[in-house]
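Read through the structure below, which is laid out as C-alpha cells, and then see the notes.
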Amino acid sequence: MAGSHGPQFFVDNKKGEINELKVSLKNIMSERDNTKRRDVIKKVIAYMTLGIDVSKLFTDMVLISHTDDIVQKKMIYLYLVNYVESNQEQALMAINTFCKDCKRISSQNPKIRGLALRNLCSLRFPGAIEYILSAIQDGLSDPDPYVRKTAIIGLIKLHKYSKNLIVGSSFVNTLYELIRDIDPNVSINAILALNEILEEEGGIAINRRMVIYLLNRINSYTEFGQSTVFDLVAKYEPQAEDEMLDILNILEEKLKHSSGSVVLGCIKVFLNYTRDNQLMIRQVFARIQAPLVTLFTGAEVTGAYEQAYCILAHIHLIISKGAGGIFEGDFKSFFCKFDEPTYIKFMKIDILTMIVSDQTVEDVINELSAYVTDVNAEISKKSIQAISKVAVRIPFACVAIVRQLLSFLSLNIDYVITETLVAMKDLVRKYRELTYEILAEIENSLEIASDEGKAAIIWMIGEFGEEITDAPYIIENIISNLIANENYQITHAVLSATVRLFLKRAPEMRDILSSLYSKLISECDNPDIMDRAGFYYQLLRQDPSIANEVLNCEKHPIQNFLEDDCFDLQDILTNEFNQLSVIYQKPAKQIIKPKAELTVPEPEQVTQVVNDLLSLDQVNLSENAFKIDTEFVMVSDDFQQMWMTVPDCIKYENRLSRYINIQEVENLMASVGINCIASGDQMGTLKFFFYAKDSGSDVLFLAEFVIVLAAKEASLCVKCHDKTAAENFKRVFLQASSSFLQS
Amino acid sequence: MLSQLFVLSARGDIIITRDFRGDLVKGTNEVFFRKFKLWDGEPPPIFSVEGVNFIYVKRNGLFFVGTTTENISPSYIFEMILNLIRVIKDYCGVLSEESLRKNFVLVYELIDEMIDYGHSQSTSTEQVRPYIVNEPIVIDNSPFSLKPSFFANSVPCTAVQRPVTNKKSKNEIFVDVLEKLTVLFNANGYIMNSSLDGCIQMKSFLRNNPQLQLALNDDLVIDKTNAYGNLGLDDFNFHECVNTNEFKDSRILIISPPDGEFVVMNYRIKGDYQVPFRIFPYMEELNQYKLDFSLKVKSLFPDKLHATNVIVKFNMPRSANNVCFELPKKSVGQTTEYKESDKTVEWKIEKFMGSTELSLKTKASLSSPATVKEINQISMQFEISMYNVSKLQIKYLRIAGQGNSNPYRWVRYITQSSSYVCRV
C-alpha cells in the first residue's frame, strides 16, 4: 500500500533540490551574465535563511567566488562565513579569496577591502589566525576609515577566539592611539575594542586628558558613540570639585537630547559624580525630572512603548532612591492611557503608589479606582493592590480609602471582590481601628468571592470574632456547607478561625468546634490539615490559656513595606544605572550567568543522550553499539528504488498522547539523525517517509510513518534487510517520538 | 552588545537571522517564541530565560529580537533595533513579512553595515547607502500591508511607502506637526487632566541632503516659568542632527537632515488647553431593568475644518441585553455597532464638522440591576488635519543651496487623540 503511494509524496523534496542547486552552481561557473549568476546564489542564501542545511555546496561556492560583481561577492561571503565551521578542510580555499580582497594592491575599492576584512575576521577556526592577524595589521593603517573601523572590530573577534593573543600585544597601544583618529566611528570602535579586550582589567584605562578630549569632540559622535563615551566618563573620578562641575556643565546640554540612551548615559554621570553629596544630588534630581518625563511621553507618542518602558523603569529606580518628591508635581503624567500595553500600565501604577503624597492622594485614589473596572482583569487586580499600598503609605487617608475599597464589593465582579477582600485583610493588620467598619460590610461577599477571598473573610472572622456579634453563626454556616477535601485553603482557614474563635467565645463555639472536628475526622484526607487539627487538639487539651497565648497573641502593628527597606539593593542599582539590572530590579550578579552555565536546550544534546542510553542497552546485544549516522544524506531516487525492493520488516501501531504537526515530528526525528525525505498532510492524515543509516554496520533503514490526527492513531512501517538492526532503529524512533506517543 | 538578532513572523518562523558573536547556542529563537506565547498576559519587551536576555520590538506583526548575555544598556539596544527597523523601512518602503522575505539579501546587507559583532556601526540611511548594492524589490501596496504611523491615514500619500533610495523620486520634503492629546473628563464634562505630546517629524527626499532652516513662530513660549497665561511648552528635546544655537533667541532650528524619516523635535504641554471635543453623557435609569444612555459630543474647532476616523466607544453593563440605538433623523455617515461578546458599543462618525454637535441614544434592558460604574468610561478616537492645539507654528522652512530648483515642501498639522476619555 505504502509503495503505491510513495511517488506522490515526493513534492517537497529538499535534498533533491540541493542537488539541483549544485548542478546550477557548476553551470554558472562559466556564465558571464551577472543577473543569472546572482539568481542562483540568491537561491542558496534563501535556503540558508530557511534553516535548510546547504553546507554541501561549500566547495562550489568557493569556486565561484572569483568575481568582480560586488552583489555576488556579498552573498558568497555571507554563505562562506556561515558554513566555514562545518567545512574546515575546504575553508583554507576560502581564506585565499578573502585575503586577496583585503590587500590594497589587488583591491582598489575600500568597500571591498572592508567587506572582505569583516568577513575574514568572522571565520572561527585555528588555521585562519595568521592570515587574519596580518590582514588586521594592514587594515588598522588603511587610508580609508571604513577599513580601519572594520579592522578594530576584527581585533575584538580575534580576541574572543583566542584570549591571550591581543592582550599585552602592541595592538593595545595602537588602539589607544586610534581613539584620536579623525573619524569618529573609528574612535568609538577603538574604545569599544579596548573595553572588551581589557575586560579582565576592568576595561579601558581612563585619565583626565582622555575624558576632556572625548567631551570636546562629543558632538562629532553619533548618539551611540555618545552613550559609549558617557559610559566611560561615568567611570572616571574627577580630582576636584571644579573639574567635576566643568564636566557636568558640558553634559547638561545633552539632557535635551531625544535619544534615551544618551540622556540616561548622561544621567548616570550626574548620579555617579554627586553620589556622596546630598545637596547636589537633590539638585540633580530636580534637573533630570523634566527630560525624563519628556522622553517617555515622546516615546509613547511615536509608539515606541519599549523605549518608554525602559525610561519608566529608570524613573521607578530614581524614585525609590528618594526622588519621589521631584515627580510629585507631575503625577498626572503617570496616569494610564487606555490603549497602552499592560507592562506600561503596571509600571505607571507602581510609580503612582510611590509618589503619592498627602496633597495628591485624593486624585491618585480616584484615578486608581477608575482602573478597577478595566476590562483587563490583571490591571483591575493590580490597581486594587495599589490602592491598599497607598492606604498603608498615607495613614490619614486610610478611612476614605477603605470606604472606596468597600464600594468595589458592590461591583459584583468575582475577581474584584476577591482582590478587595485580600487587600482589606492586609489593611486591618495595620489599621486595627478600621476593623468594625470593614467587618460590617464583608459578610455579604462570602457568597460571591472566590476561594482566596473566602479565606480572607474567614481569617478576619477568626481574628476579630469578639467584635462581630454573629461570628459563631457565620462560622457554623460555613462549616455546615464545608466539603473538607474540596479546597484545602478554605478548610485550613476555617479550622484556625474556629479554634481561635473558640478561645474567645467558648460557650457559643463548643458545639461548633466539635462538629468541625467530627467532620474533619470522617471526611478530610489531607495530612497537613489533619496534622494541624491534631496540634490544636493537643494544645487545647494541655491548657486553653496557653493556647490562647499562642493563637491569639498581641500582634505588632505593621509599619513599613519590605521593599522600602532594601536600601542595599538600591545602591547596587545606582552603580548599574542604564543597564539591564534596572529593568529586572536585580543586581548584575543575579542576572548575568557565566557563559558556561547557559543552558538553552541544544538539539545536539538530545542526540547524545539518546545514543548514550542506547549504547548502554546494546552492550549485551551486539559488540558494535548501534549509532545512527547523523551526517548521512540520501537522494530521493535512491530512496524510491529501495522502497520498491526492500521488504517490510517491522510494523508497529500506537496512539497519540497529544496533538502534533508535521514540522515538530520532522524536528524531533532530525534531532536523532532520522531524516525526512518527504512528508505531506492530506485532510488531517500526516504521512512521512524517513531514512537513516547505522554508522557501524552501514545498514539502511527506510520508514513510513502515518498519523491520523482525528483518530489519534499512529502507525510505523520499517523496511530493512536486518531484523535485529530494525528493532534498534525502532527503539530510537520511539524514543524520539515519546513526547507525543502513548507509552 | 548583541549576541544574535533575528526577525520572526507572527507565527514564530524565522525570516532573518544573524549570529554576531557565536556565544549562544542555536535555537534561542524557539526559546524566545515559546516564552512569549506562554507568558501570562502581555510580556514586557525585555525578559530573560536561563541567563539569556531577550530584548524585542514588535512592529507590523514582526518580532525583531536581540539576545545578549551582558548587563548592557537596554535603551541603547532598543534604539539600535528601532534604528534598524527605520532604515529597513526606508529601503523597502513597507515593513511587512512579504517585503522582508522578498528583500532578505538586502536586509542582511543593511544589518551587516549597521551592526558588526553586536556593536552599533552606521546608524542612518545615508551612512549605509554607499555600501549597499542590492536594489529593493518594491511590494505593491496591498490592502493588507500596514501603513506606517508617520502619515495619517486620512490623507492619501504614496510617498511614505516609497523607498528613499528610489532615484526617480521627486526633490521634496514632508514636514508634519503631530500633536497627540490626552484628556480626561468627569461625568459633568469638567476636565480632570489634560496633556499634549507633540513632535515635528520629517521625511526628506531632498537631493544631496542640504542644510535646512526651520523657523518656528517667534511668540512660542519655551520657558513657562515667566509666561503668564500663555500656552507654552513644558519641555522638549531634539534629534541628533539639530543645531539649537539659535533656538532660544530666534526660534530657528538648523537641521542637517538624514535621509528618510526622523523626529526633529519632541515637546510636551501639561495643563489646560482648548480641547477639540467635549463629551456629555446622560444616564437615565427608567427602572431597575431599563436603561437609557444619551451621549452628546460637541466639536469646538473652527467650522471650516473637520475630524475624520472618529470613533466613540463605551461598554454596556454586563447584564445588558436588547441593546438598540437611536440616531437623530438627518444624521449621515454615522454607524453604530454593538458587540454582544464583550458588551462594547462603537459609534463611528466618518466626518465630524467643526463647531457642531452630534448625539446618540442607547437603550438597553437589563437582566439584573446594574450600576453606572459598569459603563466606566467613554473613549474617543479622532484625527483633525490642518489643526493643532498648541501655539506652535512653522514660520518658514529654508533649504540651502538649491539654486533654481525649488523643492516641494509639504507642511501639515495633525491633531490626534492619544487617550481621550470621559469617566462616567
Side-chain angles (χ1 to χ4, degrees), chain A residues 42 45 49 51 70-71 74-75 78 111 118 124 153 156-157 192 222-224 227 256-261 264 290-291 294 297-298 301-304 306-307 309-310 332 335 337-339 341-343 370 373 378 411 576 578-581 583 588 591-593 595 597-603, chain B residues 14 16 22-25 27-28 31 41-42 44-46 48 50-53 57 69-76 78-79 82 104-105 108-109 116-117 119-121 123 131 133-134 149 180 182 193 195 197 199 235-240 263 266 268 270 371 373-374 376 379 418-419 421 423:
Chain A
K42 202 166 168 186
I45 304 291
T49 305
I70 192 166
V71 179
K74 277 199 154 182
M75 289 193 282
L78 185 64
K111 285 179 215 167
R118 188 169 67 217
R124 298 176 195 122
I153 300 285
I156 312 180
K157 294 177 187 168
L192 293 171
T222 65
E223 56 264 45
F224 295 95
S227 331
K256 279 254 176 277
H257 204 291
S258 66
S259 148
S261 61
L264 290 178
T294 308
T297 54
V301 169
T302 47
E306 301 82 10
Q307 190 65 282
Y309 175 73
C310 237
K332 285 184 178 173
F335 285 5
K337 297 173 186 172
F338 73 95
D339 53 352
T342 321
Y343 55 82
T373 43
E378 294 306 311
L411 280 176
E576 288 160 21
N578 195 17
Q579 285 178 306
L580 286 174
S581 321
I583 307 285
I591 54 170
I592 303 302
K593 282 196 170 182
K595 293 261 161 37
E597 282 180 27
L598 297 174
T599 55
V600 175
E602 193 174 6
Chain B
I14 293 183
I16 302 283
D23 57 355
L24 285 175
V25 289
T28 39
V31 175
E42 192 178 7
I46 302 175
S48 86
E50 300 286 338
V52 179
N53 298 295
V57 171
T69 56
E70 310 274 327
N71 195 10
I72 50 173
S73 159
S75 56
Y76 182 98
F78 278 133
E79 272 161 25
L82 291 170
F104 70 95
V105 180
Y108 277 122
E109 263 195 290
D116 195 3
Y117 208 53
H119 290 292
S120 172
Q121 296 293 303
T123 55
Y131 303 98
V133 294
N134 279 288
S149 60
K180 290 203 173 189
T182 302
N193 180 27
S195 64
D197 298 294
C199 61
D235 196 39
F236 43 87
N237 63 28
F238 299 102
H239 189 269
E240 181 57 31
V263 177
N266 286 303
R268 69 185 165 90
K270 54 179 180 182
T371 54
K373 266 202 170 159
E374 280 193 58
N376 190 13
S379 69
S418 165
S419 170
V421 172
R423 292 229 175 97

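Here is how names work: the chains are called A, B, and so on, in the same order as the sequence lines, proteins then strands, and each is numbered from 1. Basis for what follows: all heavy atoms, side chains included, without hydrogens, waters or symmetry-related copies.
Closest non-hydrogen pair, B:Pro74 versus A:Cys310, comes out as CB-SG, 3.5 Å.
Put simply, of B:Asn53, B:Ile14, B:Val421, B:Asn134, the one with the most heavy-atom pairs under 4.5 Å next to chain A is B:Asn53. When the candidates A:Gly303, A:Ser227, A:Ala290 are compared by the number of heavy-atom contacts under 4.5 Å with chain B, A:Ala290 comes out ahead. Of all the listed residues (B:His239, B:Glu42, B:Arg268), the one sharing the greatest number of non-hydrogen pairs under 4.5 Å with chain A is B:Arg268. Note on B:Phe238, B:Phe236, B:Tyr131: by heavy-atom pairs under 4.5 Å with chain A, the leading option is B:Tyr131. Put simply, of A:Leu411, A:Thr294, A:Thr373, the one with the most heavy-atom pairs under 4.5 Å next to chain B is A:Thr294. Heavy-atom pairs under 4.5 Å with chain B peak, among A:Met75, A:His257, A:Lys42, at A:His257.
Judged by distance alone, the side chain of B:Asn71 and the main-chain N or O of A:Leu580 form a donor-acceptor pair under 3.5 Å. The backbone N or O of B:Pro45 lies less than 3.5 Å from no partner atom in the side chain of A:Glu306, so there is not a single donor-acceptor pair. The main-chain N or O of B:Phe78 is never found under 3.5 Å from a side-chain atom of A:Gln307 such that the two would form a donor-acceptor pair.
Here the straight-line distance linking atom CG of A:Asp339 with atom OG of B:Ser419 works out to 6.0 Å at 0.5 Å rounding. In this structure, OG in B:Ser75 is found 10.5 Å from CD in A:Gln579, a value given to the nearest 0.5 Å. Note that NZ of A:Lys337 and OG1 of B:Thr182 are 3.5 Å apart. Values are rounded to the nearest 0.5 Å. Atom OG of residue B:Ser48 and atom CD1 of residue A:Ile583 lie 12.0 Å apart, to the nearest 0.5 angstrom.
For B:Val105, the part lying under 4.5 angstrom from a heavy atom of chain A is the side chain only. Both the backbone and the side chain of A:Ile156 come within less than 4.5 Å of a heavy atom in chain B. Within the 4.5 angstrom heavy-atom criterion, atoms from both the backbone and the side chain of B:Ser418 approach chain A. Interface residue B:Leu82: only side-chain heavy atoms are found under 4.5 Å from chain A. In this structure, the portions of B:Tyr76 lying under 4.5 Å from any heavy atom of chain A include both its backbone and its side chain. The part of B:Phe104 that comes within reach of chain A is its side chain, from C-beta onward, which places non-hydrogen atoms under 4.5 angstrom from that chain. Proximity to chain B involves both the backbone and the side chain of A:Ile45, based on heavy atoms less than 4.5 angstrom apart. Residue contact with chain B, scored on non-hydrogen atoms closer than 4.5 Å, involves the side chain of A:Tyr309 exclusively.
Here the side chains of B:Glu109 and A:Lys74 are in contact, with some heavy-atom distance below 4.5 Å. Under the 4.5 Å side-chain criterion, counting only non-hydrogen atoms from C-beta, B:Ser195 is not in contact with A:Lys332. Residues A:Lys111 and B:Val133 fail the side-chain proximity criterion, which asks for heavy atoms closer than 4.5 Å.
Side-chain atoms of B:Asn266 and A:Ser258 include no donor-acceptor pair closer than 3.5 Å.
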